Amino acid sequence: VISSTAMLNSHCRDGDSKRAKEIFDAMEVRNLVSWNSLLSAFAHRDRELWSVKSLFDQMPERDSLSWNLMLGALSRHGDLNELKHLYCSRQEDDAVASTIMFFAYAQTGHIIEALEIFSGLREINVISFNAMLGAYAQNYYLEECKYLFDSFEKHDIVSWTSLLTAYAQSGHFDQSKSIFVSMPEWNMFSYSLMIKVLAQNRKLEEARNLFDQSLEKSIVLWNALISAHCQNGQILLARKLFDSMPERDLISWNAILAGLSQTSNPQHAFDLFHEMIFTETPDETSFANILAACGSVTTARSFFHSMLSDFNIESTKIHFSAMINVLCQARYFSHARELMETM
RNA sequence: CUGCGAUUAUAAUUCCCC
């Protein structure tokens, strides 16, 4: 049972909830952990919410992990009301459940409610603490974020990164830098974020130096450095980095695509896009970037339609506004209006 | 009797928000 469950989990990590289900179905003996593992696979992947719920309802028994997985799925789907309902109906004093709940509140801007739950925790653990830092950060409560940070000594690297994020996204360059310097250790989270911060403040040289001094040049750092160059108008250097990096992921492609989209010659972006679809499956961002490159109505339309017909991606308001932009630039005002009506 | 042992909540790089 244990080894099958472990195997099930390794497939879950690959994002293969179908395969996980097959393994689960083939198991002759299952225990609560096997059920939880499958629920975890369902809850973390793009399964419809109803299928997660139905699995949850089917379970012969449930422990707090099962409940928390269900809460997490509701949170991920943005179903705050049902989450609230399920959370309140439980009446268990569970730090994980509380953290899911208050973080979901914070993500929807309900910082008071979030703080209320956080303050009610029996004792503070570092994950809940970090989640509250993130809650403040997301809602731009800088003072509170810093105050909370200082009030608890058991910081870990996540706490530091959350604090850095809070200052970085509020545009406090000097303080971001001093937080970065104060951090006890650096990892790819902090490095990539700091590279971005430097790039946003026109310190491309410093960004490069930081990249050079990092010990593990993960793909994330390469991506950050490519974007840094694009943002500072160094598209040729960005392209060189892109071509020379050891491996590329979807974000690498999207990053260089974003850079090429802002140049005067959209053909480079189109060429890259067609090159990319040999190895990658483009996502919403890829299409947002390629649509931003389009000046011609015909080209824009062909990408816009290909998005759904070839890649099964629903267009969002980013894509609509890019399309409308192209149509308006070409003075196709009535077409733009028609498109808006179909949104 | 004790310890260990598979499953749950928090941070980053591309688009959007700012």
Side-chain angles (χ1 to χ4, degrees), chain A residues 1-10 12-13 20 31-41 43-44 63-73 75-76 94-104 106-107 125-135 137-140 155-166 168-171 186-197 199 211 218-228 230-231 248-259 261 282-292 316-319 321-322:
Chain A
V1 182
I2 294 183
S3 64
S4 314
T5 305
M7 202 159 105
L8 200 145
N9 287 319
S10 82
C12 299
R13 267 187 286 277
N31 61 14
L32 182 54
V33 179
S34 332
W35 278 96
N36 281 341
S37 300
L38 186 64
L39 185 62
S40 172
H44 285 108
D63 63 1
S64 59
L65 263 73
S66 331
W67 282 91
N68 294 338
L69 280 162
M70 192 61 233
L71 293 174
S75 167
R76 241 166 266 121
D94 184 303
V96 175
S98 297
T99 306
I100 295 171
M101 188 66 238
F102 85 67
F103 199 68
Q107 282 177 316
N125 67 81
V126 72
I127 297 187
S128 304
F129 169 78
N130 290 339
M132 195 63 221
L133 289 177
Q138 282 175 5
N139 291 279
Y140 295 91
H155 310 135
D156 64 8
I157 180 81
V158 176
S159 327
W160 279 100
T161 314
S162 300
L163 187 69
L164 178 56
T165 303
Q169 74 177 7
S170 298
W186 297 305
N187 61 14
M188 68 173 174
F189 287 75
S190 45
Y191 272 126
S192 58
L193 179 53
M194 198 60 214
I195 287 174
K196 177 182 171 170
V197 169
F211 176 84
S218 72
I219 193 162
V220 173
L221 292 198
W222 282 94
N223 294 344
L225 192 63
I226 288 170
S227 286
C230 292
Q231 263 177 50
R248 286 161 279 277
D249 64 9
L250 182 57
I251 293 187
S252 325
W253 285 93
N254 287 346
I256 192 73
L257 196 58
S261 297
D283 67 356
E284 281 179 14
T285 301
S286 321
F287 277 99
N289 292 346
I290 199 68
L291 284 171
T316 68
K317 76 174 185 212
I318 304 172
H319 309 105
S321 66

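On a predicted model such as this, the values are computed, not experimentally measured, just so you know. Protein chains get the first letters and strands the later ones, always in sequence-line order, with residue 1 at the start of each.
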Nearest heavy-atom pair of A:Ala228 and A:Ala199: which atoms, and what distance?
-> CB-CB, 3.4 Å

Atom CG of A:Asn289 to atom P of B:C16: distance rounded to whole Å?
-> 7 Å

Hey, does the side chain of A:Lys196 come within less than 4.0 Å of B:U14's phosphate (OP1/OP2), counting only N and O?
-> yes

Integer angstrom distance from the C1' of B:U7 to that of B:A11 = 23 Å

How far apart are the closest heavy atoms of A:Trp253 and A:Arg248, and which atoms are they?
-> NE1-CB, 3.9 Å

Of the candidate nucleotides B:U10, B:U13, B:U14, which contains the atom at the shortest distance from the side chain of A:Ser227?
-> B:U14

Closest-nucleotide 5' rank along RNA chain B - winner of A:Tyr191 and A:Tyr140 = A:Tyr191

No-H, no-angle donor-acceptor pair, A:Asn130 side chain to B:A9 base, under 3.5 Å = no

Mind listing the closest non-hydrogen atom pair of A:Ser170 and A:Tyr140 along with its distance?
-> OG-CD2, 3.5 Å

A:Asn223 vs A:Ser192, side-chain contact (heavy atoms from CB on, under 4.5 Å): CA-CA, chis, key distance, verdict = CA-CA 8 Å; A:Asn223 294 344; A:Ser192 58; over 6 Å; no

Side chain to side chain contact (heavy atoms under 4.5 Å, CB included) partner of A:Leu65, the single match among A:Val33, A:Val96, A:Asn36, A:Leu39 | A:Asn36

Starting at CZ of A:Phe287 and ending at P of B:C15, how long is that distance when rounded to a whole Å?
-> 17 Å

So what does A:Asn187 hit on the nucleic acid, given a heavy-atom distance under 4.0 Å: a base, only sugar-phosphate, or nothing?
-> base

Atom-to-atom span, CD of A:Gln231 to P of B:U13 - whole angstrom | 11 Å

Choosing from B:U13, B:C15, B:U8, which nucleotide comes nearest the side chain of A:Leu65?
-> B:U8

Treating a pair as Watson-Crick (purine N1 to pyrimidine N3 plus N6-O4 or O6-N4) or G-U wobble (N1-O2 and O6-N3) with both distances under 3.5 Å, list the stems of 3 or more consecutive pairs that involve RNA chain B.
-> none

Pick base, sugar-phosphate or nothing for A:Ile318, based on heavy-atom distances below 4.0 Å to the nucleic acid.
-> base

Can you say whether the rings of A:Trp222 and A:Phe211 are parallel (under 30°), tilted (30 to 60°) or perpendicular (over 60°)?
-> perpendicular

Between C1' of B:U10 and CE of A:Met101, the distance in whole Å | 16 Å

Could you tell me whether A:His44 contacts a base, only the sugar-phosphate backbone, or nothing, with contacts defined as non-hydrogen atoms closer than 4.0 Å?
-> sugar-phosphate

d(CD, A:Glu284; C1', B:U14) in whole Å = 13 Å

Within the structure shown, what part of the strands sits under 4.0 Å from A:Asn125 by heavy-atom distance: base, sugar-phosphate, or nothing?
-> base

Test item: A:Ser159 and A:Leu133 side chains (from C-beta on) under 4.5 Å apart, heavy atoms | yes

Assign A:Ile100 to base, sugar-phosphate, or nothing according to its heavy-atom contacts below 4.0 angstrom with the strands shown.
-> sugar-phosphate

Within the structure shown, what part of the strands sits under 4.0 Å from A:Ser128 by heavy-atom distance: base, sugar-phosphate, or nothing?
-> base

Closest of B:U8, B:A11, B:C15 to the A:Leu69 side chain is B:U8

Could you give the CG-to-P distance, from A:Leu71 to B:A9, as a whole number of Å?
-> 11 Å

